[in-house]
Protein chains: 2
Amino acid sequence: MQQGPTADGTARGRTRPPSQADVAALAGVSSQTVSRVANNRSNVEPETRERVLSAMRVLGYQRNSAARALTLGRFHVLGVVTFDVTAQGNARTLAAISRAAQRAGYSLNVVCVEDQTERAVQQAVRQLTDQAVDGLVVIEAQILDRPGFSVTSGVPVVVADGDPERRFPSVDTDQAAGATAATRHLLGLGHRTVWHLGGPQDSYAARRRAAAWHAALKAAGAPVPPLRYGDWTAEDGYRIGRELAARPDVTAVFAANDHLALGLLRALHEAGRRVPEDVSVAGFDDLPEAAYYLPPLTTVRQDFEEVGRQCVARLLAQIEAPGTAGDAPVVVAPELVVRASTAPPPAPRG
Amino acid sequence: MQQGPTADGTARGRTRPPSQADVAALAGVSSQTVSRVANNRSNVEPETRERVLSAMRVLGYQRNSAARALTLGRFHVLGVVTFDVTAQGNARTLAAISRAAQRAGYSLNVVCVEDQTERAVQQAVRQLTDQAVDGLVVIEAQILDRPGFSVTSGVPVVVADGDPERRFPSVDTDQAAGATAATRHLLGLGHRTVWHLGGPQDSYAARRRAAAWHAALKAAGAPVPPLRYGDWTAEDGYRIGRELAARPDVTAVFAANDHLALGLLRALHEAGRRVPEDVSVAGFDDLPEAAYYLPPLTTVRQDFEEVGRQCVARLLAQIEAPGTAGDAPVVVAPELVVRASTAPPPAPRG
DNA sequence: TATCTGTGCTCGAACCTACAG
DNA sequence: ACTGTAGGTTCGAGCACAGAT
């Protein structure tokens, strides 16, 4: 071994990474002993173990994960298929998954899918399973319910927020509970009814929120105003918000997420309608900055951390004990956070 | 649960994934021929090739990436070390990296580092290199300049937005150009000076923005007001914003990012100071929702897409042709987007 | 002669079992 | 109770060479 500092700056190219055999040679032991040390077996004398460890340190030995995976048949990698990581919810779920995976000694192979076409998702899944993963988390993929969709090879799959058909084990935020809480909160303040600014129709989460809003109104005997769909952006919130702002009978709006609510706030402001004096607004998500909107937003807080944790837990359970796929979906409860954007309706004029 | 469809229906748990040999057996050829087909060699008769391909389809054959990596010495995986994916900038950079990597046939092994300690970063890097990556992208890690920091093993590294010491090839947004543009824009509107609501002091990007702001004021002969530091949140923007709002001599503020600006907007609103009539506010990032703040925010748009693309390009260049590490940092230009939050200062009172 | 295709072998790096000092 | 040796395992890549057409 003629050396060359591989370490920091220099990285002298062509020296192949040290193998067990190199460590063994340097420590003056057999590679078998190196293996025993690497795998933390007990039957190695402390003095020998120390010698091997120091040789590892000197050479900068790292075990070859490919060879390891080959023999063990386990990669210690979880695949994650996600859409738009730019969306707070997905990003936070991803972060939580990352944390949980790391704690369990797994790393993440992440694929961000561009568009929600079946082909794109299929390809992403293919890429991951073809790659080297022990399990798969699919975040909010509304494609999963398509009958044609399948996951090749027996890789365990867990779906976060989005498997209406329950074809896979899933972990879901209780969208219905959150939407119901928001709607009831507004009704409870005395509003005659609550309008809904819905998320995209192809989003399962959005549909569930809308359905719960509808049900809550029905249950309270309140009239059900027409439902407006947007995508998840502030832009759409503004666009649709302008129409809502123009209707004097609108006194309370439940937006399907905080960004929509933000656009709505701007539209209302421009139309000269005060929040919450004239119109109450509630959102969904509780983004960190929602408390700093004008006015601070009443919203439903999602526990992304818990969703991520549960996903990894379920996946690892399946990986470690295949077949133990408890099928019941895990449901994570959200929480209504009341701030300044909701209040009783203005005194009726007639 | 002794069975039940795992995935697309079949995939009975304990069947080990089909190997080349299985395909060979089914197709009635040798595994050598299967290998030739798998690697797209020319010397296989079309009819035979088709037979093999169909056998692959029937069995759902996917080549074992571990074995492949072992022989080829290449994993086709890039590692990404990132902080808080919840931050828009990082999320967008990550998404762009993902896109670029996918195009090149690489997948991403992502580690989200919790806290910016040297230990945490070291561990993340260790985890990835110990795992199986051909290269490493480190996003905005202000730890890299610490003298002790090193990347083990000869894995190529590229740093996105944050290698002050230039110890690694890097791709950077031109923070200085952006901050200068924002500051000059405000001065150009007639403001006597511009205050700065800075990002965290340990952020290299934040420091560069502050330095450029400072320099732009100096160059224009404007007085340099005291610099206030926050973290990147709307919360801190609000906290510090309240102090700024209380000072009548503040007529223009350049915030180090859009979230800080959002908090500032709220503080100004609460203090009864109108934006932009009384105070002008500019941000940095151009979040998708920045156009829907009240008022729509003038800000500096970062081209995260380009940053991500360049990172992958540089990394692949190093991987494919080691030693060719063109050291000059790649710089990506940002762009000032003028909206409604900036205007000339109020008429001087004396 | 040239083009397929099969056989049989080695290599990569680690793990594991068994057995012997 | 340690440690070494020896051999077989994982799966695919890729070589040399022999038959077949």
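Here is the naming used below: chain letters follow the sequence lines, and residue numbers restart at 1 for every chain.
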Working to the nearest 0.5 angstrom, can you tell me the gap between A:Cys311 SG and A:Glu306 CD? 10.0 Å
Taking atom CG of B:Leu94 and atom CZ of B:Phe304, what is their separation to the nearest 0.5 Å? 12.0 Å
How far does CD of B:Glu320 sit from CG of B:Asp134, to the nearest 0.5 angstrom? 9.0 Å
Would you say D:dC11 has OP1 or OP2 under 4.0 Å from some side-chain N or O of B:Tyr61? no
B:Phe75 atom CZ is separated from C:dA13 atom P, nearest whole Å, by 10 Å
Using whole Å, report how far NE2 of A:His76 lies from P of C:dC15. 11 Å
Tell me: CD of B:Gln20 to C1' of C:dT7, nearest whole Å? 15 Å
Return the value, rounded to whole Å, for the distance between atom CE of A:Met56 and atom C1' of C:dA13. 13 Å
Specify the separation, in whole Å, of atom CD of B:Glu47 and atom P of C:dC4. 13 Å
Going from CD1 on B:Ile139 to CD1 on B:Ile97, what distance comes out if it is rounded to the nearest 0.5 angstrom? 4.0 Å
Compute the bend angle of the helix from C:dA2-D:dT21 to C:dG21-D:dC2 from the end axes (five pairs per end), rounded to 10°. 30°
Roughly how far, to the nearest 0.5 Å, is CD of A:Gln123 from CG of A:Leu128? 10.5 Å
Polar side-chain atom of B:Asp84 near backbone of B:Thr86 as donor-acceptor pair, under 3.5 Å: yes
Using a cut-off of less than 4.0 Å, is there contact between a side-chain N or O of B:Arg68 and OP1 or OP2 of D:dA13? yes
Choosing from C:dC15, D:dC11, D:dG14, which nucleotide comes nearest the side chain of A:Arg63? C:dC15
Return the CG to CG distance between A:Leu59 and A:Asp22, rounded to the nearest 0.5 Å. 6.5 Å
Using modelled atom types only, decide if a donor and an acceptor are shared between the side chain of A:Ser31 and the backbone of A:Val34 within a distance under 3.5 Å. no
Taking CG from A:Leu70 and P from D:dG8, how many angstroms apart are they, rounded to a whole number? 18 Å
Checking contacts here: which listed nucleotide (D:dT3, D:dG14, C:dA14) is nearest the side-chain heavy atoms of A:Thr48? D:dT3
Would you kindly give the CZ-to-C1' distance between A:Arg49 and D:dT3, to the nearest whole Å? 13 Å
Please report the distance, rounded to the nearest Å, between CG in B:Leu59 and P in D:dC11. 14 Å
Between C:dT5, D:dC11, D:dG12, which one does the side chain of B:Thr71 approach most closely? D:dG12
Side-chain contact check for A:Glu45: nearest option of C:dA13, D:dT3, C:dC4 is D:dT3
Near-strand residues of residues 26-38 of chain A, defined as heavy-atom separation under 4.0 angstrom from DNA chain C: A:Gln32, A:Ser35
If only side-chain N and O atoms of A:Asn39 are considered, is one of them under 4.0 Å from the OP1 or OP2 phosphate oxygen of C:dC15? yes
I'd like to know if the side chain of A:Asn109 reaches the main chain of A:Leu78, judged simply by a donor and an acceptor atom lying under 3.5 Å from each other, with no hydrogens or angles considered. no
Salt bridge or not between A:Glu45 and A:Arg51? Use side-chain N to carboxylate O under 4.0 Å. no
